[in-house]
Amino acid sequence: MDLVDSKGRRVPKGVKIGSGGEGVVYEVPTLGNDIVAKVYHQPVSVVKQAKLQAMVAVGNDKLRKIAAWPMETLHTTGDKQLRGFLMPKLTDFEPIHHLYSPSHRKQRFPDKNWAFLVYAARNVAAAFEAIHSHGHVIGDVNPNLVFVTGNSIVKLIDCDSFQIVVNGKFYLCEVGVPHFTPPELQKLPSFRGVRRTRNHDNFGLALLLFHILLMGRHPFSGVFAGQGDMPLEKSIAEFRYAFGRNSAAKGMRPPPNSMTPEMLPAVIAGLFERAFTEPGAHPEGRPQAKDWVVALDALKSQLFSCTHNPVHKYFAGLVSCPWCVQEQGSGNFFFIALNTGAVGQSGFNVESVWAKILLIDTPGPVPEININGLQIKVKPLPPALRRGKISIMQKKQAAVGLVLGSLVFAPKLLLIALAVAGYLFFSKPKDFAERQARQAALTIAKQHLAVLQKQWQLEAGSGSFQTKFNELQSLKTAYENWADLLHLEKEKLHQNLYDAQLQKFLNNFFLESFNIPGVGAARKVILASFGIETAADVTLEKVVRIKGFGDDLAREIVGWRKGLEKRFLFDASKGVDPADVAAVNQRFALQRKQSEASLLAGPEDLRQLRGQILQKRAEFLPVMQGAYQRVLQAEADLAVFEVEA
Ligand SMILES: Nc1ncnc2c1ncn2[C@@H]1O[C@H](COP(=O)(O)OP(=O)(O)O)[C@@H](O)[C@H]1O
Ligand SMILES: [Mg+2]
């Protein structure tokens, strides 16, 4: 089929570069490298012809900058029927899901870290903002519509499916993808005749941004606590946002080992909350594209490089690096550093650094506290207590004497004697209150001293110095055995050659691009949420653990993997993948650089710790002496009773 543009100029088709449900996209070499043609499979309806003509008419630079906006219609040569259009070509662009899916990203964007994801997310929001500010709506928001380059430039394709408004006339978008459709539209039987709103787009936008920022997870795919299955579309329709503040009340929680909105600024977590919960479904209820641009621009200037691993970028408001936590907790390495430059050839000499470390004296053990010179002045008893004082012992002796005496000399007076003796025996002595007060003072002084003694050991002891010294010593030992450890690690690569090759082979097969009976698009999204993207990720245990995947489905998926395994041919001549060797070298180089830095800082760190400890001792000594003094004083004050009695 030969085509001409609206002015009748011939536009010969070149190489086919893509195709979809509605059309095929071709290069058009006579028009240069920056333009392509989309040619429809079928003749186009009258309404669609009018829509394309309107789109060409309202096109402008701002739209063409962020979208493959139609530039010119294409027609058959004979009856001039509209059969396609010209648009800007996307070169070196990848669909956004190749960026946000962790497995795809390692292959397509291997050198990109989270900062890049934030930039890309910001540009996705800006592209939506440009469409919305012209009064148009995307409608069929889905991951195959948004494309991104290695410079984080974002462009939208398939513009002819957008909902376009020109001079008050609506050209509808009558298609959609279920797992990107907002809750309020989930129950519709079809999109035929449905007017989409910006607020609907803003649901799809928030979904895309969530995927980009949080490792390709779908916010409505989680672990369902209730009875039975929770298909993705149902979860969306019922606002069961699995990462939300009220997710527990909705019977949902995030899949294991997920990155969660807690790693984001509270403002952004709040935007997601609003986009995915009931208030968002109200007219204009969801955050708009421009709100996201503002929030993500702010985040761009609040990114921090992890001190342990510079490929880890994260929001500076967090206390610790979420990627380190993820790597240590679940062994998930989301970002890989490709080139860290040469390290270790810094002229670092471990022996000479160690000699400097040994020069720093330890602060020695905690000093004894001298209590000999402490001045104690006994507090005398109040005069009222001192005069005619009878001790408790004397009173008790008198009571016993009285009873015995009456028994022997005057048995008839025994009852009276018993009463008097009882009084003498049990009545509280006159000094009771004073004695109690002094006893209490002693107890308090002793407790206070006990607390201080512990603090003294802790802060004035040489513990922190010793710990640092031991740490440096083990770094030194590891540093000296570096070559052996590295060698061992590389040996392992040779031993695991078969497994590594198989794993790599399986990693090329994405579930997404295979038809597995019973595993539709929504189930594939759920699998991805549980970290299963390629055949290499598939194991029976992993699949059966996901709710809604019974034994039969799990067997089907594992069968798919087994089928692929059969096609695997081990190639012993290939040897170890240089990328794997590079990864080991890189990990070691990084650790080595960190060890060198720690050892170099060692002498100064030790000197500072020693200084701190000595200073603490000087400050603390008078406090300790005071505490001892108070105990001795209280003891002496109490002893008065025994001495004077
Ligand atoms: N402007 C473009 N530049 C380069 N490739 C494109 C462009 N537009 C579309 N493609 C390629 O063609 C494919 C089909 O395009 P699309 O517009 O989605 O077709 P359909 O509407 O038939 O689904 C896309 O997935 C993409 O690979
Ligand atoms: Mg289309």
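Counting convention: from 1, in listed order, for ligands and their atoms alike. In this text the structure is predicted, and so the values were computed from the model without any measurement.
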Centroid-centroid distance, [X] to [Y], less than 6.0 Å:
X    : Y    : answer
W69  : H134 : no
F272 : F210 : yes
F220 : F276 : yes
H211 : H97  : no
W114 : F315 : no

Exercise. Would you say the side-chain atoms of R240 pair up with the backbone N or O of S235, donor to acceptor, closer than 3.5 Å?
Worked result: no
Tell me the protein heavy atom at minimum distance from [atom], and give that distance in Å.
atom                    : value
atom 8 (N) of ligand 1  : M87 CE, 3.3 Å
atom 10 (N) of ligand 1 : V25 CG2, 3.9 Å
atom 20 (P) of ligand 1 : K38 NZ, 3.5 Å
atom 1 (N) of ligand 1  : P88 O, 2.9 Å

Is the shortest side-chain N to carboxylate O distance from [X] to [Y] below 4.0 Å?
X    : Y    : result
D5   : K80  : no
K38  : D158 : yes
K524 : E533 : no

Seminar exercise, completed: Note: S19, heavy atoms under 4.0 Å from ligand 1, region reported as backbone
Seminar exercise, completed: Short version for P95: what comes under 4.0 Å of ligand 1, heavy atoms counted, is neither
So if I count the atoms of ligand 1 from 1 in the order they appear, which ones are less than 4.0 Å from some heavy atom of [X]?
X    : value
G20  : 14 (C), 19 (O), 20 (P), 22 (O), 23 (O)
I17  : 4 (C), 5 (N)
V36  : 1 (N), 2 (C), 3 (N)
E22  : 20 (P), 21 (O), 22 (O)
D158 : 17 (O), 18 (O), 21 (O)
K89  : 3 (N)
A68  : 1 (N)
G18  : 12 (O)

For this session: Please say whether G21 places an N or O atom under 3.5 Å from an N or O atom belonging to ligand 1.
Result: yes
Problem set entry | G23, any N or O under 3.5 Å of ligand 1 N or O | yes
Problem set entry | Other residues, nucleotides, ligands: >12 heavy atoms within 6.0 Å of D571 CG | yes
Exercise. Got more than 12 heavy atoms from elsewhere within 6.0 Å of CG, N60?
Worked result: yes
For this session: Report yes if some heavy atom in the side chain of N123 is under 4.5 Å from a heavy atom in the side chain of I153; otherwise report no.
Result: no
Problem set entry | D140 backbone or side-chain N/O/S under 2.8 Å from the Mg ion (ligand 2) | no
Problem set entry | Options L90, V39, V24, ranked by nearest heavy atom to atom 4 (C) of ligand 1, top entry | L90
Exercise. Does I157 have a heavy atom less than 4.0 Å from any atom of ligand 1?
Worked result: yes
